[in-house]
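Worksheet: one structure, shown below.
Bear in mind that the values here come from a model prediction, so they are computed numbers and not experimental data.
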Amino acid sequence: VNINNMINNKQNNNESNFNIQICPYDLYNKDKDKFRQIILDELEKVYKETSKTNQDEVIINLLYKIVGNLVSNFTEKFMKISKSSKTYTTNLALYPSSLIFLKFIGFVDIGDFFVLSEHLKQENIANLKFYFESFMIIKSKFLELK
């Protein structure tokens, strides 16, 4: 499966769910604080939705694992998520905010898969992982106070 061809076909077909704004990774070099806040805001949306069913820890950790796999092994294997996988069907698919988050960080919905857009670089994902970790620390301290 050639991921770049799949994404290009998706863009050429102009399918409606492609219109999620991609994370402004170029902002990282211009305004790191603003970039960090955007990531935290998007993660907060996921947290709010998933905490209603007490799945916040599961979903946040799953999204973190997806990002972490890309940081440590930026290969095609980790650049796509099958919609038929158990992880997808029993976790991610149940929460629209988690799917929006995947699209926001650069995954494109192309039929049976979510695939990472070709314009993203490994260092972009590494920056995302750092802010993801900071979100998890903030939430763990917040939960301890409850």
Side-chain angles (χ1 to χ4, degrees), residues 1 3-4 6-8 10-11 15-146:
V1 176
I3 291 175
N4 294 334
M6 294 168 78
I7 291 172
N8 290 335
K10 178 75 169 184
Q11 290 171 332
E15 295 183 29
S16 63
N17 64 1
F18 186 74
N19 296 324
I20 300 290
Q21 179 182 352
I22 300 291
C23 184
Y25 289 104
D26 59 328
L27 184 61
Y28 179 79
N29 292 324
K30 297 175 189 170
D31 189 344
K32 290 179 182 174
D33 289 334
K34 187 172 182 178
F35 178 82
R36 178 180 178 270
Q37 191 57 52
I38 290 169
I39 298 301
L40 294 178
D41 290 347
E42 291 301 315
L43 285 169
E44 184 66 28
K45 292 174 188 175
V46 174
Y47 175 78
K48 283 182 178 180
E49 180 184 24
T50 57
S51 64
K52 293 174 186 174
T53 58
N54 293 322
Q55 291 298 303
D56 47 301
E57 189 174 335
V58 171
I59 301 301
I60 296 292
N61 283 326
L62 182 56
L63 292 171
Y64 177 72
K65 183 178 179 181
I66 291 168
V67 170
N69 284 340
L70 288 168
V71 170
S72 62
N73 196 356
F74 200 71
T75 62
E76 190 168 321
K77 175 182 177 182
F78 295 107
M79 293 177 167
K80 65 181 178 179
I81 301 166
S82 172
K83 289 184 182 179
S84 63
S85 72
K86 183 177 179 183
T87 298
Y88 179 85
T89 59
T90 61
N91 293 302
L92 296 174
L94 301 177
Y95 301 98
S97 61
S98 67
L99 301 179
I100 290 170
F101 184 78
L102 286 175
K103 292 175 185 177
F104 178 76
I105 65 170
F107 280 87
V108 180
D109 182 351
I110 53 162
D112 294 336
F113 295 92
F114 276 92
V115 296
L116 194 64
S117 177
E118 66 183 20
H119 78 276
L120 295 180
K121 299 180 178 111
Q122 190 171 13
E123 58 267 19
N124 295 139
I125 302 299
N127 295 333
L128 176 62
K129 184 180 178 199
F130 174 75
Y131 292 125
F132 215 121
E133 290 166 350
S134 112
F135 175 82
M136 293 168 78
I137 290 168
I138 291 166
K139 283 302 171 193
S140 68
K141 290 184 178 180
F142 171 74
L143 293 173
E144 288 173 9
L145 297 174
K146 280 185 151 184

(message) Using 0.5 Å steps for rounding, measure from the CZ atom of Arg36 to the CG atom of Asp41.
(response) 10.5 Å
(request) Evaluate the side-chain hydrogen bond (donor to acceptor under 3.5 Å, both in side chains) criterion for residues Asp33 and Gln37: first the C-alpha distance (whole Å), next the side-chain angles of each, then the deciding distance (0.1 Å), finally the verdict. (result) CA-CA 6 Å; Asp33 289 334; Gln37 191 57 52; over 6 Å; no
(message) So, taking the atom named CD1 in Ile59 and the one named OG in Ser51, what distance separates them when rounded to the nearest 0.5 Å?
(response) 11.5 Å
(message) For a ring-ring contact (aromatic ring centres under 6.0 Å, His included) check, start with the C-alpha distance between Phe135 and Phe130, then their side-chain angles and the critical distance, and finish with the verdict.
(response) CA-CA 9 Å; Phe135 175 82; Phe130 174 75; over 10 Å; no
(request) On the 0 to 90° scale, with breaks at 30° and 60°, tag the Tyr88-Phe114 ring pair as parallel, tilted or perpendicular. (result) tilted
(message) Can you confirm whether more than 12 heavy atoms, excluding those of Asp112, are under 6.0 Å from its CG atom?
(response) no
(message) Rounded to the nearest 0.5 Å, what separates atom CD1 in Ile125 from atom CZ in Phe78?
(response) 13.5 Å
(message) Check this for me: Glu57, atom CD, are more than 12 non-hydrogen atoms of other residues, nucleotides or ligands nearer than 6.0 Å?
(response) no
(request) Please tell me if the side chains of Lys83 and Asp109 come closer than 4.5 Å, counting only heavy atoms from C-beta onward. (result) yes
(request) Nearest 0.5 Å please: distance from the CD atom of Glu49 over to the OG atom of Ser98. (result) 7.0 Å
(message) So, taking the atom named CZ in Phe101 and the one named CD in Glu44, what distance separates them when rounded to the nearest 0.5 Å?
(response) 12.0 Å
(message) Give me the atom names and distance for the closest heavy-atom approach of Gln122 to Leu70.
(response) NE2-O, 3.7 Å
(request) Pick out which of Leu116, Asn61, Leu102 makes a side chain to side chain contact (heavy atoms under 4.5 Å, CB included) with Ile66. (result) Leu102
(message) Measuring only between side-chain heavy atoms, which start at C-beta, is Ile39 closer than 4.5 Å to Phe132?
(response) no
(request) Quick one: closest heavy-atom pair of Ile60 and Tyr47, and the distance? (result) CD1-N, 4.3 Å
(request) Write down the atom of Lys45, the atom of Glu42, and the distance for their closest heavy-atom approach. (result) NZ-OE2, 3.0 Å
(request) Please round to the nearest 0.5 Å and tell me the distance separating atom CZ of Phe107 and atom CD1 of Ile100. (result) 15.5 Å
(request) State, without any angle test, whether Thr87 and Ser85 hold a side-chain donor-acceptor pair at a distance under 3.5 Å. (result) no
(request) Identify the two heavy atoms, one from Lys32 and one from Tyr131, that lie closest to each other, and give their separation to 0.1 Å. (result) O-OH, 3.7 Å
